[in-house]
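Scope of the values below: all heavy atoms of this structure, side chains included, with no hydrogens, waters or symmetry mates.
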Amino acid sequence: MTSLLYDLEHVTVRMVSVSDMDNNVYLITAKDSGQQVLIDAADDLPAIRSLLAEGASDAGHPAKLNLVATTHQHWDHVRALEGLIAETGARTAAGRQDVSGIPVPVDVVLDHGDVGHFDGFDLAAVHLRGHTPGSIAYVLEDDGAPHLIFSGDSLFPGGVGNTQKDPDRFELLFADVTERLFEVYPDDAVVLPGHGRSTTLGAERPHLEEWKARGW
């Protein structure tokens, strides 16, 4: 079942949860142009087709999937990627250090601070190292609305992503999340993770020292 999360001035954001791992697949649709970006073709191609069709109904022009942006290379986030690209011919994007783990050719290789310009919105890439070497959070800003941070598996309600009890990986991810998200974006920025429910930076900010002390 798909869900309309945000109906903003220039875009809509829809989501569907797929697989027994509760993977979130997000779709951004520009209302005027119909340009679409899908974040994480995780699984269940029929469900993703339905998501694209519902997003198309939000647009004033015929919708086109321009880009499938992957947050990171883990298998549960890319299971429908090959099929979706074969059907749509959309371009693909992923973080530079994760490209070798993506099951299709990556057209747009992302580094920290890169910005994708679409006809109706921009999407900024934030490199968050630690869960995987090339994990990327995608940040959407629409006039007058809170920033939307599609964080993949790098930030969740209650903590950063899994670093498999590796203290070096945890320190790297904690530092990147702190410096590149919490120190850049305001408290009302919404965190839309790769699994489960959303949160805000403001709700999580008071717990940063707690996360640092516990090491996960």
Side-chain angles (χ1 to χ4, degrees), residues 5-6 8 10-18 23-30 35-42 48 51-52 55 65-74 76-78 80-81 84-85 90-99 101-102 104 106-143 145-156 160-161 173 176-177 179-186 188-201 204:
L5 296 181
Y6 294 95
L8 305 179
H10 299 105
V11 303
T12 62
V13 179
R14 291 181 176 271
M15 182 201 81
V16 63
S17 175
V18 298
N23 286 83
N24 295 329
V25 181
Y26 298 100
L27 178 68
I28 304 164
T29 302
Q35 288 203 2
Q36 295 179 313
V37 172
L38 185 128
I39 297 174
D40 282 354
I48 292 175
L51 180 67
L52 291 169
L65 180 61
N66 288 83
L67 185 72
V68 180
T70 300
T71 60
H72 64 292
Q73 63 179 289
H74 283 164
D76 60 309
H77 290 259
V78 297
L81 185 56
L84 182 61
I85 298 307
R91 294 182 304 149
T92 58
R96 182 175 300 278
Q97 295 81 1
D98 275 15
V99 164
I102 304 297
V104 299
V106 175
D107 302 304
V108 183
V109 178
L110 295 170
D111 294 305
H112 179 64
D114 287 346
V115 179
H117 302 286
F118 303 91
D119 189 359
F121 62 96
D122 292 340
L123 207 56
V126 180
H127 186 196
L128 302 172
R129 300 159 293 183
H131 181 66
T132 66
S135 287
I136 296 288
Y138 298 94
V139 182
L140 172 71
E141 183 177 4
D142 199 307
D143 294 346
H147 294 80
L148 302 181
I149 302 171
F150 302 90
S151 60
D153 286 2
S154 292
L155 180 60
F156 294 95
V160 299
L173 181 54
D176 278 359
V177 164
E179 295 167 9
R180 297 178 176 184
L181 292 180
F182 283 94
E183 293 180 4
V184 173
Y185 298 103
D188 66 353
V190 178
V191 178
L192 297 166
H195 307 263
R197 63 183 179 84
S198 64
T199 186
T200 64
L201 291 185
E204 305 304 323

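- In this view, His195 and His77 satisfy the ring-ring contact (aromatic ring centres under 6.0 Å, His included) rule, not counting sequence neighbours.
- With sequence neighbours excluded, the residues satisfying side chain to side chain contact (heavy atoms under 4.5 Å, CB included) with Gln73 are Asp98, Ile102, Thr132, Pro133.
- Contacts of Val99 classified as side chain to side chain contact (heavy atoms under 4.5 Å, CB included), with partners at least two apart in sequence or in another chain: Val106, Val109.
- Partners of Arg96 according to the side chain to side chain donor-acceptor pair (under 3.5 Å) rule, which considers only residues two or more places apart in sequence or in another chain, are Asp111.
- Separating the CG atom in Leu81 from the CD1 atom in Ile48 is a distance of 8.5 Å, to the nearest 0.5 Å.
- Checked against ring-ring contact (aromatic ring centres under 6.0 Å, His included), Tyr185 has the following partners two or more places apart in sequence or in another chain: His147.
- With sequence neighbours excluded, the residues that form a salt bridge (charged side-chain N to carboxylate O under 4.0 Å, His left out) with Asp176 are Arg129, Arg180.
- Listed by chain and number, the residues in a ring-ring contact (aromatic ring centres under 6.0 Å, His included) with Phe156 amount to none (sequence neighbours excluded).
- By the side chain to side chain contact (heavy atoms under 4.5 Å, CB included) test, Ala125 pairs with Leu110, Asp114, Ile136, sequence neighbours left out.
- Using a 30° and 60° split on the angle between ring planes, His72 and His74 fall in the perpendicular class, above 60°.
- Under the rule for a side chain to side chain donor-acceptor pair (under 3.5 Å), the partners of His10 that lie at least two apart in sequence or sit in another chain are Asp142.
- With sequence neighbours excluded, the residues that form a side chain to side chain contact (heavy atoms under 4.5 Å, CB included) with Ala124 are Val115, Val139.
- For the side chain to side chain donor-acceptor pair (under 3.5 Å) test, no residue two or more places apart in sequence or in another chain qualifies with Thr200.
- Shown here are the ring-ring contact (aromatic ring centres under 6.0 Å, His included) partners of Tyr138, two or more places apart in sequence or in another chain: there are none.
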